[in-house]
Amino acid sequence: MSILIAALLLLLAATGAGVVLTRAPRRQVLALSVNGLVLALLFMALQAPDVAFAEITVGAAAVPLLFLIVLASMKMDRSPRPPDEP
Amino acid sequence: MNLLPWLVAAWLLGIGLYGIVTSRNYVHLIGCLAVVQSATYVLLLAAGYRWNAIAPIFYNHPPGTPAVDPVVQALVLTDVVIGATVTALLLALALQLHKRRETLDPEDLRPLRP
Amino acid sequence: MTPKLRLALFLLACIVTLPAILLLALHMPAFGAHPLPYGDAIDAAAPGERHISNMVSAINFDYRGFDTLGEEFMLLCAVTGTVVLLRGSRGEALEARPGIVKGRRILPRSDAVVLIGRLFAPLIMLFGIYVAVHAMTTPGGGFQGGVIAATSALLVFFGDGYHGWRGVMKSQVLDALEGGGAALYALCGFASMAIGAPFLTNFLPLGTLKDVWSGGLMLVENAGVACAVGGGFAMIFLEFLEETRTKKGGAKE
């Protein structure tokens, strides 16, 4: 049990560094998702199932999705267009 | 092993702050803020842990078996959900900033430069 | 302040605080020694006093229910801020056309994706409601269940596209869910004041241990939190996805 917690803590340190050192926002989204997953596994190993529930959904699905939507909508072409163009 | 959780929490805080300080893109900065927040979660939950204890749910075990601390779990639980909402608010701010100024680089967005 | 100067100041701050952090780490209690007495007191007292078996829910909705009220309103403020920022600059109209990115075609949806979206969205919403309802007996609760149910709404978007999704998600319904959930939580407190007890006292019958409908007032508060969190997250997704549509007409941002 202690080897599991120690290994997860070291993995979390590595993925946290991965999130920071990935400078391109597109790739950082995937690093965030992996970080959320490792965090949820660590919470399960520390006997906290409630928190792991919330962290899996939020950290691996909801927050990276918000990042992706924001990045996609920044690349959009927002110039004015005439009303009857398809 | 005794020091590892505290050191990992300090490491995550430090490297998250390093990312915020040297970031060149506001969306990247919000991701680094999420790393800083996760440092506090690790610290709180590691402070409440107890060896060979069960989760604080007394459905299959009788009340009275040694369990890990439920107070810090309640704190971290609400923190995770509300932290995601605040991240959404920050992303909305970044999106509005991009719409007005066409750039997301903190160096190009000084208020007093013409 | 140039970037190099900022980085140099940060490294200086790190070097100054590093001995303090190491000293602190050496003086922290040993990992697993667990010297915190509040949690042990709650573990010993709560199943007998409140008849529920999920200690985290007991703390969130009963022993520290006032803090959860504050968190609810923080969530309400953050969602309101997001909606005001995004909808305020975009207007209330629903746009029919997807956003245009130069050089990228919009591909049609494949049948497998549509099928999976339609199959799994109701299943995951049911799972979210199950997790939220079983707050008092198993790991779960309003916060987790609300987020899972809101994420299931995205599977509708995944499977049926924007028009199917806007047909299902009416923003008035989401507003009512979110505000109504927070109001329900606050009303629970005022209801207990109406009978003469302090704010947020558990005055409903408590039920039996290990029953789903145990806990008294905690069930109502749990329902309020689930509605507010689910509605809030779905509102956030809605606002962000509306940002990816094209505006009609000539108004430039």
Side-chain angles (χ1 to χ4, degrees), chain A residues 1-3 5-29 31-32 35-36 38-40 42-59 61-76 78, chain B residues 1 4-5 7-9 11-13 15-20 22-28 30-32 34-36 38-39 41-42 45-46 48-57 67-70 72-81 83-85 87-88 91-92 94-95 98-99 104:
Chain A
M1 190 58 181
S2 74
I3 299 187
I5 296 180
L8 280 172
L9 281 169
L10 290 172
L11 192 60
L12 181 68
T15 54
V19 168
V20 168
L21 298 174
T22 315
R23 298 275 171 181
R26 282 261 189 87
R27 284 189 251 149
Q28 195 197 25
V29 170
L32 261 181
N35 192 32
V38 172
L39 206 54
L42 177 67
F43 292 160
M44 272 308 292
L46 287 176
Q47 303 288 347
D50 285 275
V51 188
F53 243 132
E55 176 63 38
I56 285 184
T57 319
V58 158
V63 170
L65 182 95
L66 288 175
F67 270 82
L68 278 176
I69 295 178
V70 166
L71 288 172
S73 97
M74 280 184 194
K75 283 187 58 148
M76 254 174 63
R78 289 185 193 270
Chain B
M1 184 56 201
L4 192 61
L7 291 179
V8 167
W11 161 258
L12 284 174
L13 184 78
I15 197 140
L17 275 179
Y18 167 76
I20 291 178
T22 61
S23 169
R24 297 298 298 258
N25 188 324
Y26 271 118
V27 176
H28 171 261
I30 296 172
C32 298
V35 172
V36 174
S38 72
Y41 307 152
V42 169
L45 280 181
Y49 186 64
R50 173 187 265 165
W51 290 120
N52 301 324
I54 61 166
I57 317 277
V68 296
D69 193 29
V72 284
Q73 287 189 18
L75 289 174
V76 174
L77 172 65
T78 52
D79 197 353
V80 165
V81 174
T85 320
T87 303
L91 282 171
L95 186 61
H98 177 82
K99 276 196 232 168
L104 277 178

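- Most heavy-atom pairs under 4.5 Å with chain B, from the set A:A31, A:G36, A:A48: that is A:A48.
- When atom types are taken as modelled, the side chain of B:Q73 and the backbone of A:Q47 share a donor-acceptor pair closer than 3.5 angstrom.
- Neither the backbone nor the side chain of B:A9 comes within less than 4.5 Å of any heavy atom in chain A.
- With a threshold of 4.5 angstrom between heavy atoms, A:Q28 approaches chain B through side-chain atoms but not through N, CA, C or O.
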Side-chain polar contacts of residues 15-23 of chain A - donor-acceptor pairs under 3.5 angstrom, sequence neighbours left out - could you list them?
residue : atom : partner : partner atom : Å
A:T15   : OG1  : A:L11   : O            : 3.2
A:T15   : OG1  : A:L12   : O            : 3.1
A:T15   : OG1  : A:N35   : OD1          : 3.1
A:T22   : OG1  : A:G18   : O            : 2.4
A:R23   : NH1  : B:T22   : O            : 3.0
A:R23   : NH2  : B:T22   : OG1          : 3.3

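- For A:L71, the part lying near chain B is the side chain, with the backbone staying farther off; criterion is any non-hydrogen pair under 4.5 Å.
- Heavy-atom distances place both the backbone and the side chain of B:A84 under 4.5 Å from chain A.
- In this structure, chain B has heavy atoms under 4.5 Å from both the backbone and the side chain of A:A13.
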Audit row: B:V76, A:D50, side chain to side chain contact (heavy atoms under 4.5 Å, CB included) steps and yes/no | CA-CA 10 Å; B:V76 174; A:D50 285 275; over 6 Å; no

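- Heavy-atom pairs under 4.5 Å with chain A were tallied for B:I30, B:I57, B:V81; the largest tally goes to B:I30.
- Contact check for A:F67 versus B:T87: side-chain heavy atoms found under the 4.5 Å cut-off.
- Contact of A:L66 with chain B is made through backbone and side chain together, with heavy-atom distances under 4.5 Å.
- Using a 4.5 Å cut-off between heavy atoms, A:L9 touches chain B through backbone and side chain atoms alike.
- Residues B:V42 and A:L46 have side chains not in contact (no heavy-atom distance under 4.5 Å, counting atoms from C-beta outward).
- Contact count against chain A (heavy-atom pairs under 4.5 Å) is highest for B:V68 among B:V72, B:D79, B:D69, B:V68.
- Within the 4.5 angstrom heavy-atom criterion, atoms from both the backbone and the side chain of B:H28 approach chain A.
- Two residues are said to be in side-chain contact when any heavy atoms from C-beta on lie closer than 4.5 Å; A:I5 and B:Y49 meet this criterion.
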